[in-house]
Amino acid sequence: MRKLLAMIFCFTIVLYSGCTKEEQPVSPGNTDDKLIVVGFSQVGAESEWRVANTENIKDTLTEENGYVLIFDDARQEQENQIRAIRMFIQQDVDYIVFSPKVETGWNSILLEAKEADIPVLVIDRYIEQQDEELYTAYIGSDFYKEGETAVSWLADFLEKRGRKEEPIRIVHIQGTIGSTPQIGRTAALEEAIRKHPNWELVAQECGDFTKAKAYEVMGSILKQTKDIDVVYCENDGEALGAIAAMEEAGLKCDPYGGVIVISFDATRLGLEYCLSGKITLNVECNPLQGPYVDEIIKKLEQGESIEPKNYIDETYFDYSSISREIIDNRKY
Ligand code: AHR
């Protein structure tokens, strides 16, 4: 009954909100009471990674696979995510899946979901909780570990190049402030800088996980200094923006005496830059989370136990290990 009501409600919302056909989950005419209704609130479409994540969830939670998916794009606004989750609660969906923009500010809305007895799966980014268990499961990346992979690779690389004791000037372009990837990747870099007295942070600016913002902030950093050894960007979009600004300013980005660019995500485009040497190291962040969400929901449906925290396996690619074959086989 819950599903039928949700679909009728959703159909009404679709009629009144003028959603595109693609966003219309299903009309009451084709309802199947066995389908599992999932409301998914996505942060936005700020990066290639995010687009791949949305597509993967949509491709997995399909009607053929037993689902009705109600998708909402929050366009980078936390208030929109809260509004969408509230709408899912009113629709009495079976599950709420959401990728939180930042870690804080979710307690009240998640308490509402808990009171309505709707399980919540937090994906991609994490949330800060007060005393209550406000979600059923988390599926995503260990962002601090990604950052640690990057800084230990850098220490190793510099040592092999005989630069272990040399001053290393680092520019840091951060992701959306307060989001889990920013918090984890930033913490790993800052800790490594504290451990290496010769590593110096010459600038730290927010690029908001976009190419445009990173291009802009890198441009203004370059007006102050061009004496830069490493640029640590918190995603591929930022790396592409920072590289464009550096090249315009006459700097070369490569591992052979140019600026060492470190990036995260390892999207196909990011890996093309790695193959050309412009990105020296690209640490993977896996957006293909749909199958994990599917597996957890199916287990919950069967009354089976699940792990509350699920980290996805990830790797890294550098200028020496990347190949055309890897890029061609890449799914995102
Ligand atoms: O939360 C995952 C991060 O957010 C990815 O690194 C980035 O590209 C995205 O926008």
Side-chain angles (χ1 to χ4, degrees), residues 40-57 73-78 80-81 97-106 121-128 135 138-151 172-189 206-215 217 231-243 261-274 279 281-290 292-293 309-317 330-332:
F40 173 40
S41 163
Q42 179 59 288
V43 184
E46 76 283 2
S47 61
E48 305 257 329
W49 187 99
R50 183 71 49 205
V51 173
N53 181 250
T54 299
E55 280 171 8
N56 185 252
I57 299 284
D73 177 342
R75 297 181 168 79
Q76 309 304 134
E77 298 294 339
Q78 184 173 24
N80 291 344
Q81 288 203 280
V97 175
F98 88 117
S99 169
K101 180 181 174 185
V102 289
E103 290 200 350
T104 53
W106 304 105
L121 305 190
V122 179
I123 66 162
D124 165 30
R125 300 175 180 179
Y126 200 54
I127 53 164
E128 184 189 272
Y135 66 87
Y138 165 76
I139 302 142
S141 305
D142 185 338
F143 296 105
Y144 179 75
K145 193 171 159 203
E146 290 177 357
E148 266 191 326
T149 301
V151 292
H172 179 195
I173 313 279
Q174 294 175 290
T176 303
I177 303 299
S179 67
T180 317
Q182 178 274 316
I183 294 170
R185 293 165 187 168
T186 293
L189 176 65
C206 176
D208 220 5
F209 288 127
T210 69
K211 182 178 174 185
K213 188 76 196 296
Y215 173 79
V217 296
V231 179
Y232 180 97
C233 298
E234 291 189 357
N235 82 343
D236 280 346
E238 290 183 349
L240 266 57
I243 290 168
V261 176
I262 293 178
S263 182
F264 295 86
D265 284 356
T267 56
R268 219 179 283 127
L269 188 55
L271 291 180
E272 288 287 353
Y273 271 64
C274 199
I279 289 177
L281 168 72
N282 207 330
V283 180
E284 184 177 57
C285 180
N286 189 347
L288 308 178
Q289 295 164 354
Y292 296 86
V293 172
K309 222 167 180 184
N310 303 271
Y311 287 124
I312 295 181
D313 282 343
E314 292 170 337
T315 183
Y316 70 86
F317 305 91
R330 198 85 180 141
K331 290 203 176 73
Y332 60 95

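As the structure lists them, so they are numbered: ligands from 1, and atoms in each ligand from 1. All values reported here derive from a predicted model rather than from experimental measurement.
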Pick from Glu234, Glu284, Gln76, Arg125: the one approaching atom 3 (C) of ligand 1 most closely through a non-hydrogen atom: Arg125

Given Asp265, Asn235, Asp124, identify the one with the heavy atom nearest to atom 5 (C) of ligand 1. Asp265

Does a salt bridge link Arg185 with Glu146, judged by any charged N lying under 4.0 Å from a carboxylate O?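 Counted as a salt bridge, because a side-chain N and a carboxylate O are separated by less than 4.0 Å.
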
Is any NZ, NE, NH1 or NH2 atom of the basic residue among Arg330 and Glu284 found under 4.0 Å from an Asp or Glu carboxylate oxygen of the other?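 Yes, Arg330 and Glu284 are salt-bridged.
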
Atom indices of ligand 1 within 4.0 angstrom of [X] heavy atoms, with elements:
X	answer
Ser47	7 (C), 8 (O), 9 (C), 10 (O)
Glu46	4 (O), 9 (C), 10 (O)
Arg50	1 (O), 2 (C), 4 (O), 9 (C), 10 (O)
Arg185	6 (O)

Check for me whether the distance between the ring centres of Trp106 and Phe98 falls short of 6.0 Å.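 Yes, the ring of Trp106 comes within the 6.0 Å limit of the ring of Phe98, centre to centre.
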
Tell me whether Asp208 contacts the main-chain N or O of Gly175 through its side chain, where contact means a donor paired with an acceptor under 3.5 Å.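 Not at all, since once roles are kept as given, no pair shorter than 3.5 Å links the two residues.
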
Over 12 foreign heavy atoms within 6.0 Å of OH, Tyr316: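 No, not enclosed.
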
If you measure every N/O of Trp49 against every N/O of ligand 1, is any gap under 3.5 Å? no

